[in-house]
Amino acid sequence: DTVAQKIRRDFGASLRGGGMRRGDPKEALIKYAGLYDDYENLSVSGHSRLADVVKNTVESFLASYPLQPRIGTWGDGDECRSWYMSGNPPRKYSDNLKMEKFGSTHALSSGTRRPNGGGWIRVHNPFAGKRGLILSYMASGPPYSRYPTTQIRVNSQDEDGNFVQTRVILHPKAHRRFNKRANVILTSKVADI
């Protein structure tokens with residue numbers, strides 16, 4: 001149970017078991033078999049039970065939540081730029097990139113006819129200190145991914161003004177196993193800028 005203890009310590013979390021108790025794993029597999037379709041994916045009754053646990057947890061914590069919560073800051077500040085829902089792209093990006101609409105969502109891409117094309121987006125950190133550059137991107141599963149593996153290069157300067165280039169490879173494969181093809185959004189920190 002060191003993992004559970006670490007979660008409680010690091011995040012101040014309260015862990016709920018939904019009525020499940022620790023014990024013999026073989027007995028648990030037999031007792032809770034109806035909650036899973038294949039011991040990895042929840043069944044309809046498993047989803048229902050999990051929904052009840054989440055609902056009861058939220059309700060129990062809301063009872064002690066202040067009516068006038070103290071609103072704080074994000075430490076030294078942060079800034080979020082997302083065009084996923086709005087379709088409003090960043091201020092500066094290369095001419096070959098275009099905003100594509102998928103139902104009610106948007107993606108900035110090099111186009112379906114150039115899936116291996118490149119481009120650039122200019123990102124500005126308006127703060128005095130470094131901030132994490134975090135990107136969200138489309139992925140799919142089960143493997144193969146319909147989205148290409150992408151190399152991200154971040155050009156920035158260190159504290160002394162020296163040029164620094166960070167390279168990260170993003171693999172757009174959904175990490176969970178899906179019974180049928182699914183498109184998901186993954187998020188990764190790619191650099192400190």
Side-chain angles (χ1 to χ4, degrees), residues 6-7 10-13 40-42 47 50-51 54 58 65 69-193:
K6 188 168 174 27
I7 291 170
D10 292 352
F11 299 104
E40 186 173 334
N41 298 297
L42 290 173
H47 278 281
L50 180 60
V54 171
V58 169
Y65 195 77
R70 183 179 68 88
I71 299 174
T73 68
W74 287 96
D76 293 328
D78 78 338
E79 183 172 285
C80 178
R81 301 283 174 154
S82 174
W83 53 84
Y84 178 70
M85 295 301 292
S86 71
N88 297 326
R91 293 182 188 109
K92 295 185 178 182
Y93 57 94
S94 60
D95 292 337
N96 65 311
L97 297 180
K98 66 178 190 171
M99 189 63 62
E100 294 187 43
K101 187 168 180 164
F102 301 93
S104 62
T105 61
H106 303 81
L108 193 59
S109 98
S110 58
T112 55
R113 295 190 180 164
R114 293 187 58 226
N116 296 319
W120 55 265
I121 301 170
R122 182 166 293 158
V123 177
H124 172 69
N125 174 4
F127 301 100
K130 288 188 176 271
R131 296 294 185 272
L133 176 60
I134 299 169
L135 298 179
S136 294
Y137 51 96
M138 294 299 299
S140 65
Y144 73 96
S145 177
R146 68 186 297 181
Y147 304 101
T149 296
T150 303
Q151 178 179 319
I152 304 294
R153 284 188 308 204
V154 179
N155 299 323
S156 60
Q157 291 181 329
D158 64 16
E159 294 80 22
D160 298 324
N162 298 314
F163 175 78
V164 177
Q165 186 175 79
T166 305
R167 292 176 188 238
V168 175
I169 304 292
L170 299 179
H171 300 281
K173 296 179 192 120
H175 299 292
R176 289 205 48 216
R177 234 178 59 183
F178 293 93
N179 293 331
K180 57 185 176 184
R181 180 134 310 272
N183 293 304
V184 297
I185 298 171
L186 298 180
T187 301
S188 297
K189 179 178 177 181
V190 296
D192 284 315
I193 60 170

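Throughout, numbering of the chain's residues begins at 1 and tracks the sequence.
- Residues forming a side chain to side chain donor-acceptor pair (under 3.5 Å) with K92 (at least two apart in sequence, or on another chain): none.
- Between Y84 and I185 the shortest side-chain heavy-atom distance falls below 4.5 Å.
- Between the side chain of R153 and the main chain of W120, no donor-acceptor pair closer than 3.5 Å is present.
- Considering only residues two or more places apart in sequence or on other chains, S94 meets the side chain to side chain donor-acceptor pair (under 3.5 Å) condition with N96.
- Residues that satisfy the side chain to side chain contact (heavy atoms under 4.5 Å, CB included) test with A139, not counting sequence neighbours, are P172, V184, L186.
- A 4.5 Å side-chain heavy-atom check between V168 and Q151 finds every atom pair outside the cut-off.
- Side-chain contact between L170 and S188 is present, with at least one heavy-atom pair separated by less than 4.5 Å.
- A search for side chain to side chain donor-acceptor pair (under 3.5 Å) contacts involving T187 returns S136, not counting sequence neighbours.
- Applying the side chain to side chain donor-acceptor pair (under 3.5 Å) criterion to R122, with sequence neighbours excluded, gives no partner residue.
- One finds the CG atom of N125 at 10.5 Å from the CG atom of D78 (value rounded to the nearest 0.5 Å).
- Under a 3.5 Å cut-off, the side chain of S140 and the backbone N or O of R146 do form a donor-acceptor pair.
- The side chain to side chain contact (heavy atoms under 4.5 Å, CB included) search around I121 returns W83, P90, Y93, L97, L108, V123, not counting sequence neighbours.
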Please step through side-chain contact (heavy atoms from CB on, under 4.5 Å) for the pair M85 and T105, ending with a clear verdict. CA-CA 5 Å; M85 295 301 292; T105 61; 3.9 Å; yes
